[in-house]
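Below is one structure, written out as structure tokens, with a few remarks after it.
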Amino acid sequence: MRITISQIKEMKEKGEKITMLTAYDYATARIVDEVGIPMILVGDSLGMVVLGYESTIPVTIAEMLHHTKAVVRGTKNALIVGDMPFMTYHTSVDEALRNAARFIQEAGAQAIKLEGGVTVADKVKRIVECGIPVMGHLGLTPQSINQLGGYKVQGRTSQAAAKLLADAKALEEAGAFAVVLETVPAPLATLISQKIAIPTIGIGAGAGCDGQVQVIHDILGLSNRAPKHAKQYAKLTDIIKNAVSEYYSEVKAGSFPTDKQSFSMDESILAELKAK
Ligand code: KIV
């Protein structure tokens, strides 16, 4: 049985920190699930860390569904949250609902995430009414990068901070089960976490959030970016480079494969063939 949104909400009530991590493929999702991480986000960050796009804006719903399906196949326990890509939930409540449903019905996710507060509250409300759990996303919302003018800290002015709090309240009111706070001053994120009853999941928003989310490539040392909010727990790029170099050298030198990696056959069949 997978973790439910009720269990995630209970974790906040009990003061238990919530851990969330992204995953985009079967093999990685299996590892994350085996560790016991309760929530996995199939983030549209896959556009940058997996597909090599400049931003999350080019990511399509077909790409998101493809990767969400792989993550679902690789997991048994985690709650899987599918990230709705740019312009798949903005034009109308109906379109938002139909696209959200695809993540649940076609890809097998248990919840969806979308960016924005007051402006998307009507969509959140309808999606939740139709039985689909929604996670909000406020602060640095990468799909609005052109409007925000870069990957900058959000909510530093009194007006921007008040707007963030109002957006968080609007999402709670609309029925969201949790909200991501990205690149927000830590004291503001702490205050928002105290003012709303649903869990806040921070990324670059300090330790006062109810939970934390990170992009797995950043914490494993696999991405070519090093955001200030990410800590590298491993240097997988170096490990992979060493392994690939060793393989390259051994193939060139003829020392791979050996008998250990090869298959034998009946000598008489070979002799027969040679005699022809
Ligand atoms: O796409 C993503 O990975 C995200 C997280 C950074 C929260 O939205």
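Both ligands and their constituent atoms are indexed starting at 1 by order of listing.
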Taking only non-hydrogen atoms of I203 and a 4.0 Å limit, the atoms of ligand 1 in range are 6 (C)
Within the distance-only criterion (no hydrogens, no angle test), does the side chain of E95 pair as donor or acceptor with the backbone N or O of S92 below 3.5 angstrom?
no
Output the list of atoms in ligand 1 that are nearer than 4.0 Å to some heavy atom of G43, sorted by atom number.
1 (O), 2 (C), 3 (O)
Quick one: does T22's side chain have a donor or acceptor within less than 3.5 Å of a partner on L41's backbone?
no
Should you measure from each heavy atom of L41, which atoms of ligand 1 turn up under 4.0 Å away?
2 (C), 3 (O), 4 (C), 5 (C), 7 (C), 8 (O)
Using distance alone, determine whether D83 and ligand 1 share an N or O pair under 3.5 Å.
yes
Counting only N and O atoms by type, is there a donor-acceptor contact under 3.5 Å from the side chain of H67 to the main-chain atoms of M64?
no
Could you check if a side-chain atom of K69 sits within less than 4.5 angstrom of a side-chain atom of I80, using non-hydrogen atoms only?
no
Taking the side chain from R30 and the backbone from G74, do they hold a donor-acceptor pair closer than 3.5 Å?
no
Could you tell me, atom by atom, which parts of ligand 1 come under 4.0 Å of a heavy atom of T22?
3 (O)
How are the rings of Y247 and F256 set relative to one another: parallel (under 30°), tilted (30 to 60°) or perpendicular (over 60°)?
perpendicular
Ligand 1 atoms nearer than 4.0 angstrom to some heavy atom of S45 are 1 (O), 2 (C), 3 (O)
Atom indices of ligand 1 within 4.0 angstrom of K113 heavy atoms, with elements
8 (O)
